[in-house]
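Numbered from 1 within each chain, the chains take letters A, B, ... in sequence-line order. Just so you know, these numbers use all the heavy atoms, side chains as well, and skip hydrogens, waters and symmetry mates.
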2 protein chains.
Amino acid sequence: MTNSVHDEIADQTPRRQVARRTGRRPGQSGTREAILAAAQRQFARLGYDRTSIRAVAAEAGVDQKLVTHYFGSKQQLFVAAVELPVAPADLAAILTGNQRKLGERLARYVILELLDRPDARNSMTGVIRAAASEPEAARMVRELLMREIWSPAAELLGSDNAELRVTLLASQLFGLIMARCIVAAEPLASLPGERLAAAIAPTLHHYLTGPI
Amino acid sequence: MTNSVHDEIADQTPRRQVARRTGRRPGQSGTREAILAAAQRQFARLGYDRTSIRAVAAEAGVDQKLVTHYFGSKQQLFVAAVELPVAPADLAAILTGNQRKLGERLARYVILELLDRPDARNSMTGVIRAAASEPEAARMVRELLMREIWSPAAELLGSDNAELRVTLLASQLFGLIMARCIVAAEPLASLPGERLAAAIAPTLHHYLTGPI
């Protein structure tokens, strides 16, 4: 019985897919697109720290000034280029499945499918680090998350205070990224993912379904 | 009865005091101390963003290169200079009072006495922003929090898994600072402090006393 419960949860946890945002930037020039594509390749290859505006410009074959003209800072370029590793289908599968297991399913997805996978972890920590760097990047992160995750999630929930519930969830998830991946607060940072998911599941369940 | 419960909690919530860390840096030179003192004044007066290594050097009356020699980056200078707005007496009052109200008392303290007071908020957001900026600053933040808050708090708790409980708490509190003060995720960011404290109290209570 214990195993079948775990299998059930594993079955309900969607495989991580990368969200594609086709058609998101209408009217943009070929130059802007070339810069974005070069930035995506470099951030993926080198990570957030070792990517520079100069190297992105060189890879895109444009002058460095054009990169700052279109995107401002490296942080803003990152937020414009990042593909959040959360697909709409994942959100729907998590939030509309068996309601009794909501917190558990979401906790397992966030820890096992996002934070503990290197590519998704790099995207998530990059988003946090960009947001913390400067107000303009923070604004862009807020709009990105609102558009791609918070609004669709609130709509899927459809409950009282859905928007507040979603941002309470976000607060715990922001903090998990900080504590586990950026500050590396021990013993949380090295705790096996399954155990960490079990520890935070009641929190996520409370935010999604409890009195707030 | 409702009022008396609130009064009781208010009475149990210690007034915020600024921790003094006297004698923390033995053997440091007068130059290093002068730089730190100038940095503390400037960060307090101008905030994190508008403080520069150049202006700190000028105020301390030393060459800018000496500031980077002693402290590396502006982020590291900030972490060295910051006085965490959490006094040991506050921690003890919160963690050793009525155990049934632990989560509620801690939530009210964090929201009402730290995040919603401009000076304490500036310290806390500066710590998060420094930690997110570069690995060396993240390491310094980890050691600062471990020494000043996490270790004493785990000792005060004295329960099973106390260190893990404390870092789980830290994860929610990191994320609250991100969501309320840095990313400004609405409606959480504008929620009245009393209401936000009530929403997160069960989470903090779970991390402090629940099965994890």
Are [X] and [Y] packed together at the side-chain level, in the sense that at least one heavy-atom pair is separated by less than 4.5 angstrom?
X	Y	result
A:Ile182	B:Pro135	no
A:Tyr207	B:Ile200	yes
A:Met146	B:Val183	no

Residue from B:Leu173, B:Leu176, B:Leu196, B:Ile177 passing side-chain contact (heavy atoms from CB on, under 4.5 Å) with A:Ser171 =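 Of all the options given, the one that passes is B:Leu176.
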Using non-hydrogen atoms only, which part of [X] is less than 4.5 Å away from chain B: side chain, backbone, both, or neither?
X	answer
A:Ala184	both
A:Tyr48	neither
A:Gln75	neither
A:Ala185	both
A:Ala131	both
A:Arg195	side chain
A:Pro211	neither

request  = Name the option with the most non-hydrogen atom pairs under 4.5 Å to chain B; the candidates are A:Ala179, A:Ala130, A:Ala138.
outcome  =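 Of the options given, most contacts go to A:Ala179.
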note = One option among A:Gly210, A:Ala137, A:Pro202 has the most heavy-atom pairs under 4.5 Å with chain B, and it is A:Pro202
message = Could you check whether any side-chain N or O of B:Arg129 sits under 3.5 Å from a backbone N or O of A:Ala132, counting only pairs where one atom can act as donor and the other as acceptor?
response =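 Yes, because the side chain of B:Arg129 sits within donor-acceptor range (under 3.5 Å) of the backbone of A:Ala132.
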request  = Please answer whether the main-chain N or O of A:Ala199 pairs with a side-chain N or O of B:His206 as donor and acceptor at a distance below 3.5 Å.
outcome  = yes
inquiry  = Could you check whether B:Gln172 and A:Thr203, counting side-chain N and O atoms only, form a donor-acceptor pair closer than 3.5 Å?
reply    =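 Note: A:Thr203 and B:Gln172 side chains miss the donor-acceptor criterion.
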task = Could you tell me which of B:Ile212, B:Thr125, B:Ile128, B:Leu188 has the largest number of non-hydrogen atom pairs under 4.5 Å with chain A?
result =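 Looking at each option in turn, the highest pair count goes to B:Leu188.
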query = Roughly how far, to the nearest 0.5 Å, is the CG atom of B:Leu164 from the CG atom of A:Leu191?
reply =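 The distance works out to 5.5 Å.
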query = How many angstroms lie between atom CE of B:Met178 and atom CE of A:Met178, to the nearest 0.5 angstrom?
reply =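 Between B:Met178 CE and A:Met178 CE, I get 7.0 Å after rounding to 0.5 Å.
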query = So does B:Glu155 have more than 12 non-hydrogen atoms from other groups sitting under 6.0 Å from CD?
reply =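 Counting other residues, nucleotides and ligands, CD of B:Glu155 stays at 12 neighbours or fewer.
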